[in-house]
Amino acid sequence: MKRTTGEPLKKQAALGERIHTRLGLSDDDLLQMYRTMVTARAFDERAFILFTQGKIPFTVTGHGHEGAQVAAAKCLTPGRDWVLPYYRDVGVVLALGMTVRELMLGEFGKAADPSSGGRQMPKHWGCRRLKIVTQSSPVATQLPHACGLAWAMKVRNEEGIVWVSFGDGVASKGDFHEALNFAGIHKLPVVFFCENNYYAISVPFSKQSPVPRVADRAAAYGMPGISVDGNDVFEVYKATREAVQRALAGEGPTLVEARTYRFGPHTSNDDDRRYRSRDEVAQWKEKDPIPRFAAYLKEIGLLDDQEEAAIKAEAEKEVREAAAWAESQPDPDPATVAAHVYAERGPAHGR
Amino acid sequence: MKRTTGEPLKKQAALGERIHTRLGLSDDDLLQMYRTMVTARAFDERAFILFTQGKIPFTVTGHGHEGAQVAAAKCLTPGRDWVLPYYRDVGVVLALGMTVRELMLGEFGKAADPSSGGRQMPKHWGCRRLKIVTQSSPVATQLPHACGLAWAMKVRNEEGIVWVSFGDGVASKGDFHEALNFAGIHKLPVVFFCENNYYAISVPFSKQSPVPRVADRAAAYGMPGISVDGNDVFEVYKATREAVQRALAGEGPTLVEARTYRFGPHTSNDDDRRYRSRDEVAQWKEKDPIPRFAAYLKEIGLLDDQEEAAIKAEAEKEVREAAAWAESQPDPDPATVAAHVYAERGPAHGR
Amino acid sequence: MAVKNVLEAVRDTLFEAMGRDQRVMVLGEDVGRHGGVFNATQGLYEAFGEDRVVDTPLAESSIVGIAIGAAFGGLLPVAEIQFADFIHPAVDQIINEAAKIRYRSNGDFGCPIVIRVPYGGGVHGGLYHSQSVEALFFSTPGLKIVAPTTPADVKGLLLAAIYDPDPVIFLEHKASYRAIKGEYPEGEFVLPIGPADVKRAGTDLTVVSYGMTMHYALQAAEELSREEGIEAEVIDLRTLLPLDRRTIVDSVKKTGKLLVVHEDNLTGGVGAEVAATVADEAFMYLDAPIRRLAALDVPSTPYHPALERAMLPSKAQVKEAILELARY
Amino acid sequence: MAVKNVLEAVRDTLFEAMGRDQRVMVLGEDVGRHGGVFNATQGLYEAFGEDRVVDTPLAESSIVGIAIGAAFGGLLPVAEIQFADFIHPAVDQIINEAAKIRYRSNGDFGCPIVIRVPYGGGVHGGLYHSQSVEALFFSTPGLKIVAPTTPADVKGLLLAAIYDPDPVIFLEHKASYRAIKGEYPEGEFVLPIGPADVKRAGTDLTVVSYGMTMHYALQAAEELSREEGIEAEVIDLRTLLPLDRRTIVDSVKKTGKLLVVHEDNLTGGVGAEVAATVADEAFMYLDAPIRRLAALDVPSTPYHPALERAMLPSKAQVKEAILELARY
Ligand SMILES: Cc1ncc(C[n+]2csc(CCOP(=O)(O)OP(=O)(O)O)c2C)c(N)n1
Ligand SMILES: Cc1ncc(C[n+]2csc(CCOP(=O)(O)OP(=O)(O)O)c2C)c(N)n1
Ligand SMILES: [Mg+2]
Ligand SMILES: [Mg+2]
């Protein structure tokens, strides 16, 4: 979508004090971020429809987390930084450069699914090209991997950082502790990014955590812990960027907590009415990061209602077309089921 | 040993402001504690001699930790509180009521060893009678057990607390985190007692911990963390007693850190000269809790040089005799090797 | 007798046990208000309260570790591991602690815990919601493993497990939850842990199995009886550890042929032990090679149905294997 | 060629590999300044510095997890687990992560790590410094397990493991460290992971083993050759996973009899798979029941030497088992 009038630019110039300029974000950055958020939302909505239609057996969505995800991803440099996202991070992987079509292949578990060729459930992304590390489902296991990657970058003097994300429930696990401890001891260039949506499936945060904030745990690891409103794109961007800068400067890891909410059920198998009141959900929906960001863009004249609708329509079209396309792609060949148990040939060359 | 003159009592009365009276410890308490410390020391010295003589294949000592151990144990009520000690805690189990002879059976792995009938290495105590829970060697695993015990006590409305000890290295492990997290969430009556001797075998504390104190980790679990000079019997006693009182009052867990030092090698298999300077060891030996406590006892007239020597001689005699006795006791019968894999009969009745 | 499915059997048995005995508690992720991601604990929270139905943090090692401690304290804990695929962080607590407590304390302490573990594939769960983990624990003396897949067996063995003085891993095949229905005995109904169950008597060959593949074997045996007059004896192990070698060996002594079938992958599976036992103790009675049918030796079950089917043993394969061995 | 013991072979091979290739690193508890509790990493810290010789915190899950991440980052990590008995907290990282990375990424990622694991009993280590853990990992496709016990095999397979593109568990029998000596090949000497090694050719029966019991078998075979004229073929598996079924089956086809010996306990051990394979693939060639000799099925090795001896298979028992089977 191209902008058609110069008007808003003028308006923006008059608003030199606006937060995004202070943060060094350009108009293009903002629009690109907004589009990615809308696309992420549309993607997950489509995935859920595919599930409801019985076209795919399962999905999991990031509804509500898009602001935090896209803001955090904006701080990363694709191809330089290693990224270990978790299953809600559709906004992250889109922002990094995975395409809607690639992601749709994953939803259907198609042969060409770049993450796993249909071996993993949807949303378990991996992509060597973009340094997105292959995900498992057991939670927290990726946190020590992030430390190992950071160790390798450090001793090989490679520029860049490691960004790893996870939910609030994950902070309860042993691997969380062991990883943050190691990163803290060795001041490794890792950004630990927690998307706190206050539930681990049905278990409320108060039964996961004796402290009110995930970030409160950072001090035990000798690292800064920053808790921000995860539905505020700029807060998340600012905190994550500072964390990335600290890491790049050799000052060590940071724990960033983005407080947000998941609007839908845990996965397509879940019924969240069993454990959350509709009131609570409705209250959080008022803080939806997408309309909130849109309001900002409108305020500074970067967006109007018509453009907003157009971006949404465009995103919906893209994901719908991608779904139809992906559905028609070849399924994995059962004859390949025993491939890749071991490497076809050695020796190791770092992969 | 009985006191022979009333003199010191008078002297003590004149010192009403002394710390031990403020803490509610009687003369008898002090002398009993002192004797236990000296016995623990003598026991471990004897064990090491037995190893050097080739009479036992292995041992591990608590040299240097005795002050912390005996002070902590003084806060516990045998038979009421559950106790999960670790392999250095000879002072703890002696204070609770295991006998020198029982412990010596363990050193030799004799059939009558109450902890394991010779199945475990020495110093892996367990004793249902005294609510001392059977120990494994993998570290940190006992911490969630402590939480489970506390849960059971809580829901069954049993009076008492759970006391669990461990080394500084253990704070690095996942099980440490998961246990303290659970205890913090549910405000369980547990005292987590860390004997920080600044080494996990050869690995110095600075490579285990990004924070200068183990107690600094407590805040992440919503519990108080108290770090005390572990060679100061009164500091340890005070902190532990407060922790026990909090637990009894339903106010939840506490992490107590007793900073101390191990005077000898990690175990009889270890040579600590590979990783610690003799200077460092010598400096810590100046803070030896036994002479330090003796000095206090002398100051308040509870002990003189002669009595000090007598207590030592008595302890040495006791452990020497116990060693000779234990050595002569029957070895485990090889025919019992397959016993106790499963219960001989059911059903379960809580054990 | 009421007819229930396996899931209902699990839930109702837990309900009965908790109603009858204050010491019984359940703990795990989402077992409380939610009632469990499979609904296996539904209603327990409302009936028995949060002291006895505990939503734990997301931390499997501590789930088992806390259960162990609670057992020391006199409770009879039933821990749920949400999916078998997530039991691995608890392996230390299970193998080094629970299974060794009695032995290492020379009988002074025991560990009466149950670990309920939904397992198995065929549910489009992909690599991490499909695993069979019995081989992981099968070399662990001190531990018991049961894997019942009829509602009656579930009830009888779950009650036995709760009252067993030793740690029991209670495997529940996810595909059996709704697919397998049967009579659910009322009241006190306890089956002994240990004995295998001859689910179908036969003379031509012995099929040893457990879990969903046991049902495949039963169905295939019925069909082959009708279609080919082949009479397969089908043994449902039900208890995997300790293994009931006697029933297996006696059967093979009668039939002369053995097929072992399981959904776990081939190498290192329970089937190897069954085969090895028979190759020793019933060698003189064997008329044919011992056959095993199992999942492919790949790291886990892939997500896409086409791959999943290619990986797991099917009923058709079981039938074919029985037929082939019968004709040997 | 120099004669070295197994421990020296481990250390010197690590030294060579690190000297030659910047990517090789070691990590674990006490591997740095201390040089390892068995001295297996002695001198590495001084030679290669703390970036490449890393004293980790006391946390096994992260030791393996960090190694995996470092491998993603282009290094070739060799992790040490101080004793096999402490590998259990790392089971999730090993089985669910390392072994599944290639498969789950459809070949996009690999996991070239080595996990060195001192294991085995007979060293008065009690329940938690004596365990054999091979059965725990043996049902894990995607993982490789090697267990060499001669200095030459150690060198050849450790170098192979370091350069293997997949995760390798490298089992080092603690009792072999000083007891087993032999020639240590100089320079580049790599053995393939996979093939078993026929350590002694024979015609009367096949003995399959690995680890210390393999040495017992070799000694017993020599003695029985002299004393009784019995010629046992002794196969050293060396690689347990993937299992070299071909060499085993071919040998049994020749000898007609099979004895499997290992120090791990019987039930669910590697021996079961070996026996099951032969009971299927060499059934027609078998002249006798397949025998297994292993440790007792108790939770672990007890501490007191009298109990320890009663639990572990001895050389005398191996000899007796060979003799008995040969005479069958
Ligand atoms: C080790 C492990 N245990 C259990 C699960 C099942 N499970 C999947 S997601 C989840 C909750 C995760 O909650 P949180 O970390 O807060 O992330 P969220 O889904 O809320 O974003 C659970 C229990 C798992 N994937 N891994
Ligand atoms: C899980 C586990 N890993 C490794 C070991 C080997 N080990 C025994 S004691 C020890 C160091 C413990 O240090 P710390 O916790 O500080 O206690 P300390 O011995 O210093 O009192 C290690 C690594 C073990 N027992 N358990
Ligand atoms: Mg959450
Ligand atoms: Mg220490």
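Lettering of chains follows the sequences in order, A, B, ..., and the numbering in each one begins at 1.
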field: Contact check, side chains of C/R246 and C/E281, non-hydrogen atoms, under 4.5 Å
entry: yes
- line: Looking only at D/V278, D/L258, D/L243, D/L286, the option with the highest number of non-hydrogen pairs under 4.5 Å against chain C is D/L286
- request: Heavy atoms only, distances under 4.5 angstrom: which of D/V274, D/N96, D/L136 has the most pairs with chain C? Name it, please.
  value: D/N96
Identify which of [options] forms the greatest number of heavy-atom pairs closer than 4.5 Å to chain D.
| options | result |
| --- | --- |
| C/P302, C/A282, C/S139 | C/S139 |
| C/Q93, C/E60, C/R245 | C/R245 |
| C/T140, C/V298, C/V260 | C/V298 |
| C/P299, C/A272, C/A276 | C/P299 |

[X] versus chain C, the contacting section by heavy-atom distance below 4.5 Å:
| X | result |
| --- | --- |
| D/I94 | neither |
| D/N265 | side chain |
| D/I95 | side chain |
| D/Y303 | neither |
| D/D264 | neither |
| D/A90 | neither |
| D/S300 | both |
| D/L241 | side chain |
| D/A135 | both |
| D/D287 | backbone |
| D/Q131 | side chain |

field: Result of checking C/I145, C/I68, C/L143 against C/P167 for side-chain contact (heavy atoms from CB on, under 4.5 Å)
entry: C/L143
No-hydrogen, no-angle side-chain donor-acceptor test under 3.5 Å, [X] and [Y]:
| X | Y | value |
| --- | --- | --- |
| C/H173 | C/E263 | yes |
| D/E233 | D/T206 | no |
| D/Y128 | C/R104 | yes |
| D/T247 | D/D250 | no |

- request: Please check if the distance between the ring centroids of D/H129 and D/F86 is under 6.0 Å.
  value: yes
- prompt: Considering only heavy atoms, which portion of C/T267 lies under 4.5 Å from any heavy atom of chain D: side chain, backbone, both, or neither?
  reply: both
query: Where does C/A288 contact chain D at under 4.5 Å (heavy atoms): side chain, backbone, both or neither?
result: backbone
task: Indicate yes or no: does D/K257 engage D/D204 in a salt bridge with an N to O separation below 4.0 Å.
output: no
Once rounded to the nearest 0.5 Å, what's the spacing between atom [atom1] of [X] and atom [atom2] of [Y]?
| X | Y | atom1 | atom2 | answer |
| --- | --- | --- | --- | --- |
| C/I87 | D/D92 | CD1 | CG | 11.0 Å |
| D/L240 | D/E134 | CG | CD | 6.5 Å |
| D/H88 | D/I81 | NE2 | CD1 | 11.0 Å |

message: Tell me the closest heavy-atom pair linking C/T213 and C/P313, and the distance in Å.
response: CG2-CG, 4.0 Å
